[in-house]
Amino acid sequence: MNYFPDEVIEHIFDFIASHKDRNSISLVSKSWHKIERCSRKKVFIGNCYAINPERLIERFPSLRSLTLKGKPHFADFNLVPHEWGGFVHPWIDALAKARVGLEELRLKRMVVSDESLELLSRSFASFKSLVLVSCEGFTTDGLASIAANCRHLRELDLQENEIEDHRGQWLNCFPETSTALTSLNFSCLKGETNLAALERLVARSPNLESLKVNRAVPLDALTRLMSCAPQLVDLGVGSYENEPDQESFVKLMDAIKKCTELRSLSGFSEVAPLCLTAFYPICENLTSLNLSYAAEIQGNHLVRFIQFCKRLQRLWILDSIGDKGLEVVASTCKELQELRVFPSDLHDEEDNDTAVTEIGLVAISAGCPKLHSILYFCKQMTNAALITVAKNCPNFIRFRLCILEPNKPDHTTSQSLDEGFGAIVQACKGLRRLSVSGLLTDKVFLYIGMYAEQLEMLSIAFAGDTDKGMLYVLNGCKKMRKLEIRDSPFGNAALLADVDKYRTMRSLWMSSCEVTLGGCKRLARNAPWLNVEIINENENNDLMERNEEDEREKVDRLYLYRTVVGARKDAPPCVTIL
Amino acid sequence: MTTIREVCVKINFSYFINNKKSKEMEKDGLELEITELRLGLPGRDVTEKMMKKRGFTEMIMASSGSNSEQCENGLVSSGVDVEKVNDSPAAKTQVVGWPPVCSYRRKNSCKEMLSTKVGLGYVKVSMDGVPYLRKMDLGSSQGYDDLAFALDKLFGFHGIGVALKDGDNCEYVTIYEDKDGDWMLAGDVPWGMFTESCKRLRIMKRSDATGFGLQPRGVDE
């Protein structure tokens, strides 16, 4: 069957990077399976409980780079108890014991301890890159071990983690010989930073391209950092609430002018408008701008800045920019591919006149032909607007719309938004991710099932009328991988209709729906290859001890996922695995 | 105008409606939902779990003004977490995890940061006509004179101090929002009381101040 020696085939496989493609290759034949698995360097595991580290290592002995995801997505919104799971330690332990030559580790929504980081830092001599996103459980002591022991560290990227800051000297722990850093992001650290250590580190890292500092790095320090790193491509600034004096401002601007490679800006929490102004010299070069934490900058200042950012491809902003501001974005940023508009007023404290509406969305869709990803929090929407957006932008891959008030109908017709979202899925043939909101009936799910052929991830909240809604989706969306539903009237009939469907999906989340304990038990019996987890935070957690009558009890939170290694052993008391 | 808070304090308990399928009904195959009236304290038992799709709309309507009538009748829609109604009359009941903004972002959005700082004496100060907010530490001032001086320095404008001292003779008034959410003229109450209750400051043009809804001055007048 093979006309080429294995080495040649392996060489050909080297050109194939995508996980999906490599997974497909491994299914062709036994010999291809073997060649593929022995040569595979990067592995992506979307659910850390779908497999265990021993089997991973057995299959992929040449593993160099591992990506792991732990908690379900809705953990971001406090819907998953803290102690749910997603511990990385067993993975690092197993990889260390097997002497895998690990070089990269990327974790999302996992629990990481200082012990894990210490073990990681001591076990892999070639370790180069650590990326932690939305993780928790560790302190700056763990970072100190990474800094001290990973001699070849190139990348330390900490995004949106909960890190206990011991205000230690972790930055000092990078040895003087460490000069290989290309990326350093510690923006989520809350405590003080040893500025001298940071400046020395940056000064001796000529390859540093990405630097994101935390709140505690003041303006003059930033100026010095930029002066010794004019090669920066990606910069995250700290917090500058007071306007700089004339001299500091001039120095900052001079330093910024020299950063001709700068393409990406972020940070800006609590920033006085003048500090933003200092970046005018390079804003024409920017391709990525994240001002979504800059709640104090008023809309007109934002707009004034963005007016010059003609090359922007990615923009994350707050809704304080307003519809008018989005119209400016639409007329300026013709290269825009990804837009995220976050709500600035989460507790509805003030009468928010500047939040965005359907007007802004339509303007963006009309002005930005390359737009393919959007996350849009708004206070109102209409079907007409969504239909226009669909016509203007048939290239959406990700479309996430969040109308702040649940169940809100089209504000001009008082009808549901079924038709609007229907238009989106019909026009956007490549749509892979969708979040719906507003008043929605079963009909929208009929449309989704019918048209959203490439849809892989769907988020539903406060929507639908009957089980039919969920069934349309399960039956129609052949490529569905992750389905997450909250506060919607879907029950056992939908859950149990096609058990084999869950073989093709990574996971299903249902909270505050109509599924009962009995339904979940039946599912677990019919699908032993699924972990069916019931999460309850009530006092009487012992579901198994209740009598049969409680089968009709509605389940608070259900999380099910396919797995080849059976029920996990590290579940806390509030989680019952059926 | 009675605030929601006051109305609820009058009521020692609330009735809430718990929709539950009756087991006997089901055995007969009738599957009728009966409503079950239960006595119970507001709060803990009324979790978001009880909110079905329509329940949320009821909840929002209940919490935005029609609440007082419903409370007085003794009927509160399922899903209203009365316990959560805090001192601010504008507060709406919060649904867990909604809007879907990740917790890191919630904690780090500027407004969250500032509201935790209030306890330490920091307050937001805004001035009409100035496009950005300032923050200042009330604890670093010893009295109204000090405050006047600090405000002048903060905005580089010399009229503010005069306003505090002179009362009626200048272009600007200094007002503050107290713990109850009411806007009061600064300078009336003793300094200690002021620092304890002041949540934020605003320097407003006198011409805009009339009709703003300032609480009337103290008894001394």
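Note: hydrogens, waters and symmetry copies are ignored here, and every other heavy atom, side chains too, is used.
The closest side-chain heavy-atom distance from B:V95 to A:P406 is not below 4.5 Å. Looking at A:S134 and B:C102, their side chains never come closer than 4.5 Å, going by heavy atoms from C-beta outward.
Heavy-atom pairs under 4.5 Å with chain B were tallied for A:E162, A:K408, A:R557, A:H73; the largest tally goes to A:E162. Looking only at heavy-atom pairs under 4.5 Å with chain B, the residue among A:A75, A:S459, A:P343, A:S292 that has the most is A:S292.
Using modelled atom types, no side-chain atom of B:R105 and backbone atom of A:F342 make a donor-acceptor pair closer than 3.5 Å. Judged purely by atom type and a 3.5 angstrom limit, B:W98 uses its side chain to pair as donor or acceptor with the backbone of A:L404.
Here the shortest heavy-atom pairing between B:P100 and A:F377 reads O-CZ, 3.4 Å. Among all heavy-atom pairs drawn from A:N78 and B:V96, the shortest one is O-CG1, 4.0 Å.
Counted within 6.0 Å of NE2 on A:H411, heavy atoms from surrounding residues, nucleotides or ligands total more than 12; the atom is thus considered enclosed.
For a residue to count as touching a neighbouring chain, one of its non-hydrogen atoms must lie under 4.5 Å from one of that chain's; by this rule A:C513 does not touch chain B. Contacts between A:I403 and chain B at a heavy-atom distance below 4.5 Å involve the backbone alone (N, CA, C, O).
A:R433 meets the side chain to side chain donor-acceptor pair (under 3.5 Å) test with no other residue; sequence neighbours excluded.
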Does the pair B:N108 and A:K190 meet the rule for a side chain to side chain contact (heavy atoms under 4.5 Å, CB included), with working shown?
-> CA-CA 10 Å; B:N108 289 282; A:K190 306 274 196 316; 4.0 Å; yes

